[in-house]
Amino acid sequence: MPELPEVETIRRQLNAKLKNQTIKSVRILKTGRETPHGQAFAKAVTGKKIKMIDRRAKLLIWRFTDGSSVTIHLKLTGRVILVDKKYQPGKHDRMVFEIGPYHLVWSDMRQFGTINFLSSEALKKKLSEYGPEPLEIKSEQLAALFKSPKTRNVKSALLNQEVLAGVGNIYADEALFRSKIRPTRKLGSLTADDRLKLAKAVQEVLKQAIELKGTSSQDYLDAYGQEGKFEKVLRVYQRKGLPCKVCGTPIVRTVVAQRGTHYCPNCQK
DNA sequence: ACATATTCCTGGGGGC
DNA sequence: TGCCCCCAGGAATATG
């Protein structure tokens, strides 16, 4: 599922192609997850010139030269892929864009994803709801976010987009493993050393995942339809019952904060 | 101000 | 082989 590293990978790929290009047409194949609804969406974005492709949290943002924008949240199974002009739309495709000489398809098997056309004010408001970008602050600043509330468990803090932006289930579990912290720990039980280790682990995991172009354990593909390679270095996520790569103890899967949660019962205290 | 439950949805896996 | 049931999960929303 697309988290910060996956969306950042797509952002870089799209920005290289779509910057300074104009949206020539929008074909809506399936309505319901866009605002404004239906043809009003197509009408709003047709003719807009892309100033840059941006990202905030897990949100892909097409910033237009007039200050308006399109935001796409891929949720669990969304894909945004550059295709050629002869492309035949598939079952799960929702929209096909013609942008300068390029063609772009947005698809979403489980239909959780959203796409919105926003005024500059609406975008500003939306982005203000997110916590800081973990790769744009110092590890000490990131560590400070894990101080309170003391009763919140550390996994739900990592997943909460208002605490920090962009971490989802895969990288939360991987960062907790790397910092040897059990996902059920309350923030109030973490030492200053735990918080700093966790902050550094979050940053390391996200950076490495961007280098490897994300994780494709489920449905994620990048803007060229390619899989990410982070899956090969996963240490706990989706490794239930497999031996811990550090100590050999079988990895445990439980549910924390309504999410499947993987950890090593020996390494993570 | 926290946790927990529910909702959206489809493909895939387990059970028989 | 083929049902049926259940489950994954981001985040908005409702409820405790």
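We name chains A, B, ... by the order of the sequence lines, and we start the count at 1 in each one.
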Modelled atom types, side-chain donor and acceptor of A/S189 and A/R185, under 3.5 Å: yes
Length of the CE-C1' vector between A/M109 and C/dG9, whole Å: 11 Å
Sugar-phosphate, base or nothing in reach of A/R259, heavy atoms under 4.0 Å: base
Modelled atom types, side-chain donor and acceptor of A/Q13 and A/D222, under 3.5 Å: yes
Aromatic stack A/F112/B/dC8: centroid gap under 5.5 Å, interplanar angle under 30°: yes
Of the listed nucleotides C/dA12, B/dT10, B/dA5, the one nearest the side chain of A/Q111: B/dT10
Which nucleotide in B/dT4, B/dT10, B/dC2 has an atom nearest any side-chain atom of A/P149: B/dC2
Touch class at under 4.0 angstrom, heavy-atom based, for A/K126 against every strand present: sugar-phosphate
Sugar-phosphate only, base, or nothing, as touched by A/G168 at under 4.0 Å among non-hydrogen atoms: nothing
Whole-Å gap separating P (C/dT13) and CG (A/N160): 15 Å
Touch class at under 4.0 angstrom, heavy-atom based, for A/D108 against every strand present: nothing
Sugar-phosphate, base or nothing in reach of A/R33, heavy atoms under 4.0 Å: nothing
Atom-pair distance (NZ on A/K30; P on B/dC8), nearest Å: 17 Å
Sugar-phosphate only, base, or nothing, as touched by A/K91 at under 4.0 Å among non-hydrogen atoms: sugar-phosphate
Chi angles and distances behind the ring-ring contact (aromatic ring centres under 6.0 Å, His included) call for A/F230, A/Y171: CA-CA 10 Å; A/F230 194 83; A/Y171 301 110; 5.4 Å; yes
Phosphate OP1/OP2 of C/dG10: any A/Y130 side-chain N/O under 4.0 Å: no
Short side-chain N/O contact from A/H73 to OP1 or OP2 of C/dA11, under 4.0 Å: yes
Distance below 4.0 Å between A/K150 side-chain N/O and B/dC2 OP1 or OP2: no
Phosphate contact (B/dA3 OP1 or OP2) by A/Q258 side-chain N/O below 4.0 Å: no
Nearest to side-chain heavy atoms of A/Y237, which nucleotide of B/dA3, C/dG9, B/dG11: C/dG9
Proximity to the side chain of A/S156 - top-ranked nucleotide from C/dA11, B/dA3, C/dG9: B/dA3
Nearest-angstrom distance from the residue atom CD1 of A/I115 to P of C/dG10: 20 Å
NZ/NE/NH1/NH2 to OD/OE distance under 4.0 Å, A/K200 and A/E204: no
Residues A/D84 and A/Y102: side-chain donor-acceptor under 3.5 angstrom: no
Shortest side-chain distance from A/R110, nucleotide among B/dG11, C/dA8, C/dA11: C/dA8
Between B/dG12 (P) and A/Q238 (CD): distance, integer Å: 14 Å
Interatomic distance, A/L76 CG vs B/dG11 P [rounded to whole Å]: 14 Å
Check: A/S216/A/E227 side-chain N/O donor and acceptor closer than 3.5 Å: no
